[in-house]
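Here the structure is laid out as structure tokens; the discussion comes afterwards.
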Amino acid sequence: ISSKNKRLDHFVMDAINQVLEEEVARPPTPPSPSEYPPQPPSAKVFVGQIPTSMTEEHLKPIFDVFGNVTNIQIIRDRNSGAHKASAFVNYGTIAEAQLAIDNLHNLHVIPPMTNPLQVKFAHVPEPDARPGNGPGGVKIFVGSLPREMPKEEVEKIVSEFGEVLELHIFTEKTSGQSK
């Protein structure tokens, strides 16, 4: 591990520990992210595996280590408002978002969670991308649909944006009701 990565790792762990101790203070600024090439056309990242007790204010010092955080949004259940152990973090630049991904994804666990943080760009692939869904296809996930919405209605809505090659609705094993 390079000394730069050790230093960033130290900053991240310090930020996590400060949040856990409720002593939220901004850690020192890391090296400039300008060395990273442009990546996807979004500076928005998805963050998974965060404790449900954490708020946007708790997350900010952890992600501020890597650049200018412009917005943090905890992902919540549409009906109950329950924290879903994930969030979106927006950065001022793509390079800052990439720096966070490089230094957090699968590398740090925030107690009481047992799995490492999942930090990835939160964008839809370019239309010409072909990520494992057959020729010309782009696989998408649509969440928070009403449980009673029939498959045909979902397909009708989604087909307005392009040809639907396959549609799968996740269901409960015991009841058969959509999740």
Side-chain angles (χ1 to χ4, degrees), residues 4-5 7-9 11-16 18-20 24-110 113 115-133 137-145 154 157-158 160-162 164 168 170 179:
K4 181 174 99 175
N5 286 343
R7 202 166 73 208
L8 282 173
D9 189 52
F11 290 140
V12 171
M13 291 310 300
D14 280 354
I16 290 170
Q18 288 172 356
V19 167
L20 293 175
V24 180
R26 185 179 172 99
T29 304
S32 170
S34 62
E35 65 191 71
Y36 289 90
Q39 294 294 320
S42 172
K44 184 176 187 177
V45 295
F46 167 82
V47 182
Q49 297 297 321
I50 58 175
T52 56
S53 61
M54 293 189 100
T55 65
E56 286 87 347
E57 293 77 24
H58 290 123
L59 291 172
K60 189 159 177 37
I62 295 168
F63 290 90
D64 265 348
V65 171
F66 305 103
N68 177 32
V69 173
T70 59
N71 186 47
I72 298 177
Q73 179 184 4
I74 298 289
I75 299 173
R76 298 187 179 279
D77 180 89
R78 179 192 296 182
N79 297 321
S80 69
H83 193 302
K84 294 186 90 173
S86 54
F88 289 113
V89 177
N90 293 75
Y91 281 96
T93 68
I94 292 169
E96 292 167 335
Q98 183 66 56
L99 187 60
I101 291 167
D102 291 346
N103 288 281
L104 293 173
H105 180 68
N106 272 333
L107 298 174
H108 298 282
V109 176
I110 302 176
M113 303 303 279
N115 294 321
L117 286 172
Q118 298 297 298
V119 184
K120 303 174 183 181
F121 278 106
H123 76 286
V124 176
E126 294 297 320
D128 61 348
R130 301 174 197 277
N133 198 33
V138 174
K139 190 173 191 175
I140 65 169
F141 172 82
V142 180
S144 300
L145 295 170
V154 175
I157 293 168
V158 175
E160 292 178 21
F161 302 96
V164 177
H168 177 75
F170 294 102
K179 290 185 177 184

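All values below come from the heavy atoms of this structure, side chains included, with hydrogens, waters and symmetry mates left out. Index from 1, following the sequence.
Atom CG of Asp64 and atom CD1 of Ile72 lie 7.0 Å apart (nearest 0.5 Å). To the nearest 0.5 Å, atom NE2 of residue His108 and atom CD1 of residue Ile62 are 10.0 Å apart. Atom CG in Leu59 sits 12.0 Å away from atom CD in Gln73 (nearest 0.5 Å). With values rounded to the nearest 0.5 angstrom, Gln118 atom CD is found 11.0 Å from Ser86 atom OG. Atoms CD and CG, from Gln49 and Leu104 in turn, are 13.5 Å apart once rounded to the nearest 0.5 Å.
Residues Val119 and Val47 approach most closely at CG2-CG1, 4.3 Å, considering heavy atoms. Between Val45 and Ala97 the shortest heavy-atom distance is CG1-CB, 3.8 Å.
For the pair Phe66/Gln98, no side-chain contact is recorded, criterion being any heavy-atom separation below 4.5 Å from C-beta on. Using a 4.5 Å heavy-atom threshold, the side chains of Val89 and Lys44 count as separate. Contact of the Leu117 side chain with the Ile50 side chain is registered, since non-hydrogen atoms from C-beta on lie closer than 4.5 Å.
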Trace of the side-chain contact (heavy atoms from CB on, under 4.5 Å) decision for Phe46 with Phe88: CA-CA 5 Å; Phe46 167 82; Phe88 289 113; 4.0 Å; yes
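Of the possible polar contacts, one joining the Tyr91 side chain to the Phe63 backbone as a donor-acceptor pair under 3.5 Å is found. Side chain of Thr70 to main chain of Asn90: a donor-acceptor pair is present (N/O by atom type, distance under 3.5 Å, no hydrogens or angles). Under a 3.5 Å cut-off, the side chain of His83 and the backbone N or O of Met54 do form a donor-acceptor pair. Put simply, the side chain of Glu96 never gets that close to the backbone of Val69: no donor and acceptor are under 3.5 Å apart.
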